[in-house]
Number of protein chains: 2
Amino acid sequence: MELTGLSFIGTQRGSRDGASFQAFAPQTGDPLQPVFRSATPQELDHAARLAAEAVASYSQTSGKTRGAFLRHIADGFESHRDVLAQRAHLETALPMPRLTGEVTRTANQLRMFAGVVEEGSWVQARIDPALPDRAPLPRPDIRSMLRALGPVAVFGASNFPLAFSVGGGDTASALAAGCPVIVKAHPAHPGTSELAAAIINESVIAHDLHPGVFSMLFDSGVAIGTALVKHPLIRAVAFTGSLRGGRAIMDLTAARPDPIPCFTEMSSGNPVFILPGALRKGPAALAQSLFGSFTLGAGQFCTKPGIVFLAEAPQSLAFRDELKSFVEQAHPFTLLTSGIASEYHRATDARATQVSLTVEPHLSSEDQNGSEPFHAQATLFTTTLDQLLRQPDLADEIFGPETLLVRCGSTQDYLQAARALAGHLTATVLGDEDDLAANRELIHILEQKAGRVIFNGFPTGVEVTHAMVHGGPYPSTSDPRFTSVGSLAIYRFARPVCFQNFPQTMLPPELQDENPLAISRLRDGKPE
Amino acid sequence: MELTGLSFIGTQRGSRDGASFQAFAPQTGDPLQPVFRSATPQELDHAARLAAEAVASYSQTSGKTRGAFLRHIADGFESHRDVLAQRAHLETALPMPRLTGEVTRTANQLRMFAGVVEEGSWVQARIDPALPDRAPLPRPDIRSMLRALGPVAVFGASNFPLAFSVGGGDTASALAAGCPVIVKAHPAHPGTSELAAAIINESVIAHDLHPGVFSMLFDSGVAIGTALVKHPLIRAVAFTGSLRGGRAIMDLTAARPDPIPCFTEMSSGNPVFILPGALRKGPAALAQSLFGSFTLGAGQFCTKPGIVFLAEAPQSLAFRDELKSFVEQAHPFTLLTSGIASEYHRATDARATQVSLTVEPHLSSEDQNGSEPFHAQATLFTTTLDQLLRQPDLADEIFGPETLLVRCGSTQDYLQAARALAGHLTATVLGDEDDLAANRELIHILEQKAGRVIFNGFPTGVEVTHAMVHGGPYPSTSDPRFTSVGSLAIYRFARPVCFQNFPQTMLPPELQDENPLAISRLRDGKPE
């Protein structure tokens, strides 16, 4: 697979007319070959028209057809595991084992959605049969099921160059739902993006699908992404990234002449509450696990624990000292982009003027901004609950290997702390089962603040399963009713359509009386 | 039940401090007693705080508790059927049989949602059990289910003073989901609103629920509604009304510091496509049914057929003549408010300058705006497909007894017409089964344009069932993934919450291993 640096406009390649840009190796800051070309507005429009054309045939394909297509893509990812991981390693400096694992995760995500649509019950078929003898008026036959929304714009994320990028969870769930996809590739890993797009493109061709089912656009700036979100033929948007970027996309979709569904996954502090039982099990082990979690992937996970509530307890001081020592001994981390690194330095410098900086950074400002522009030191801040309540922006996410320890008088203060939280992807409680039982009210508050409540685990592990929720109230996402991880993610891209009084032969198979697909359905609200 | 003219702030009555207003009898234009008082901003804030306080207990009530509460409200509506219908008749001039039927519908809606939450499977419980032996890492136990969003703001609609107002479908589905509700009553039927609120309030007290579970605010203008949508403690909004009002609410929710879920049901032309078989069955009967549908409730239904596509065919001229004759012979209609009537006159006058007015109105402009300000004549416009394609605003909804006949050369033109449609609540095809089979492509296009596709029926009948979809792409609603009628409407007000690694005793019953509620669940993605 040779990199060309060009977009995919359906199954064709884009031109060399757009602005050029390159990826950078975060380890050295050096530019990487080849040169990439931004898509032009004409190419974007062409991709959108192709996608709209593809809706008629693609949205009506069977679950089996889409399942086979997704499995073909998954096989393509796995058979190009090394080349994908190597290029991603060059572009992101994430470790090779993590990246080869991310290929597997990406393939598994695709196969999970394949399984969902092959089985078919996800469409939530409902049948309310006619009641011809009902008085005063007969009831007509009413049947409904989910149908694809139409062309979806997907924005690749910087921090998962495979699993949340071109062929990642957003693309997989949108394609599974029957929606054509146009990906705006993240400019930090364009080579990985091109490889992934080539794999998907090959599957589109192999399965003889309409060429508009998949396009991928490069852009070094925001012009193409903005135009994509505003394009009249786009029917939904999915984005994973910063609060600033995500909110900008939300605002663009809301300001359209015809606002469209938009799911942005943006910013989360992932609060952790430490209860006495967790400290009794040993402060050193707890500190090590927490350090591991907030520095995993250089702290660039959506679910990084960025706020840790610690009540006064016999071993809380020992825990703080252990945590401090892990941070002090940590080697510098390499961040994904120079932009992320400089924002990390800006944000940690700003926070250091507001709260105690528990560990002085090893790197001087000159090192940070000069010879090693992508590097960053782990940072541990400490504050009090009172100060946090007075300055709620201390809870704002800092993307990178940083966390904020919030000292509380007692675990009773956790209720006040929890009530003051904004929306988060996760909330974690560490302790023993007696702690948990004694803190039911805390759990009930956290349920309202987060998409996932974790007991005795760390939030950075996000399983791709049927029950997973990777979502939560704003600002963690744009809409708390959806998730971007797990099989529920497909529901972002489908809408119910009702067929009234249709003859059997004109109904989709999902709604025909004989239930040829043998899916789970509701008849008059009850399982058949 | 004595009317006081005061809001309900939880279980207390509002003050007399706000601006006063009165309802008007549409038949005569005379003001009705008593005088009503707008809620004050302080009262709104109090209601919102009460609602937020109520979340902790109300959102954790069992489905059985909420079901009993909803059934109590339903019984209250039915036991006050006459007083509700009589007051609604005074305030809306809708016929008594329609209004007593609307009481039944309202009660049935409440009982349908009671049934849904009593049965319990609506929460979509999913269990992915722990895999302690999985390599390279064990999988934790992951379980998820739907939980209430929090306080919901509901805007009563003008055209269904009971079924889409204070105790209507939005309130019923939000209360069923476990959300406290604050209704902004429609100022055109404040007496009906107060009666309905008193019934709900009585049920809150009878079931010993937190007083913040339900409030109802009066306002003659838009200040309280605007402040309600912007209030930081409100977590979702539901609205039924005009495109202008609905879009204003969408824009307000999108501009919040923390945007929240918003479902507005706004504007729909409900296109009808007439195929040859429908004309062969008899043009007179078809014309009569269509006339009945577009003038039902004085044409003030969300699902009024406002655009009718008619291809040249042997009997199409006869059909047009029959329809014209029904319109000519129609008595004037009484509209709900003077605002709706004057907007109807403005919009029909404007359209008359653009297209042919098939029937001259009986009423002079003076009559319309003078002595009988709420009255309006049925109006039939005719245009051609070419003109409609050049002037898409001809498809804009006119609220009232009006429809637009669009002449097409042949049924082949219907494909182009359908592709040019914006989003609608419904799309209807009239013909025989051979027509339907010959027009599969038309059906596939209409599926993408509407929430409900009807064969040989009229869209004005909206059944309240499990399979009903009363939704559709913008501008018919703000989000095509939801519906405001039918049991699916509950999903507007709930979000998935995931519990990771929780001990059995700390899980909600819906997620406990032994399944004490005996609900349908997915285990590892498969029905248990």
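Convention: sequence-line order gives letters A, B, ...; per-chain numbering from 1.
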### Query
Quick check: does any side chain N or O of B/Asn501 sit under 3.5 Å from a backbone N or O of A/Asn456, one acting as donor and the other as acceptor?
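Checking the backbone N and O of A/Asn456 against the side chain of B/Asn501, a donor-acceptor pair under 3.5 Å is found.
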Any chance you could measure [X], atom [atom1], to [Y], atom [atom2], to the nearest 0.5 Å?
X        : Y        : atom1 : atom2 : answer
B/Thr428 : A/Gln500 : OG1   : CD    : 8.0 Å
B/His466 : A/Lys526 : NE2   : NZ    : 6.5 Å
A/Thr505 : B/Leu436 : OG1   : CG    : 7.5 Å

### Message
What I'd like to find out is whether the side chain of B/Ser478 reaches to under 4.5 Å of the side chain of A/Pro259, using heavy atoms alone.
### Response
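No; the side chains remain at least 4.5 Å from each other.
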Flag the one option from [options] with the top tally of heavy-atom pairs under 4.5 Å to chain B.
options                                : value
A/Met250, A/Arg247, A/Met145, A/Arg256 : A/Arg247
A/Gly461, A/Gly471, A/Gly101, A/Ala450 : A/Ala450
A/Pro496, A/Gly525, A/Ala254           : A/Pro496
A/Thr483, A/Thr465, A/Asp251, A/Leu137 : A/Thr465
A/Ser487, A/Ser520, A/Ser144           : A/Ser144
A/Pro473, A/Gly150, A/Gly457           : A/Pro473

### Task
Write down the atom of A/Cys498, the atom of B/Ala467, and the distance for their closest heavy-atom approach.
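Heavy atoms of A/Cys498 and B/Ala467 come nearest at SG-O, 3.7 Å.
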Heavy-atom distance under 4.5 Å to chain B: side chain of [X], backbone, both or neither?
X        : answer
A/Leu488 : both
A/Ala422 : neither
A/Ile443 : side chain
A/Pro257 : backbone
A/Asp258 : both
A/Pro475 : neither
A/Gln124 : side chain
A/Glu433 : side chain

### Task
Just give me the residue among B/Leu522, B/Thr253, B/Val453, B/Val497 that pairs up with chain A most often, heavy atom to heavy atom, under 4.5 Å.
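Winner by heavy-atom pair count: B/Val453.
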### Task
Flag the one option from B/Arg139, B/Gln60, B/Arg481, B/Arg523 with the top tally of heavy-atom pairs under 4.5 Å to chain A.
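It is B/Arg481.
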### Task
Let me know if B/Leu149 has heavy atoms under 4.5 Å from chain A in its side chain, its backbone, both or neither.
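Looking at B/Leu149, just its side chain touches chain A.
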### Query
Which bit of B/Ala255 is near chain A, if near means a heavy-atom gap under 4.5 Å: side chain, backbone, both or neither?
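Contact with chain A: backbone only.
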### Query
Stepwise, does the side chain to side chain contact (heavy atoms under 4.5 Å, CB included) test hold for A/Ile454 with B/Phe499?
CA-CA 6 Å; A/Ile454 301 159; B/Phe499 298 86; over 6 Å; no
#### Entry: Intermediate values then yes/no, salt bridge (charged side-chain N to carboxylate O under 4.0 Å, His left out), A/Glu463 and B/Arg134
CA-CA 12 Å; A/Glu463 295 289 336; B/Arg134 189 185 65 173; 2.6 Å; yes
### Message
Quick check on side-chain hydrogen bond (donor to acceptor under 3.5 Å, both in side chains): which of B/Gln448, B/His444, B/Glu447 does A/Arg147 satisfy it with?
### Response
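The option that passes is B/Glu447.
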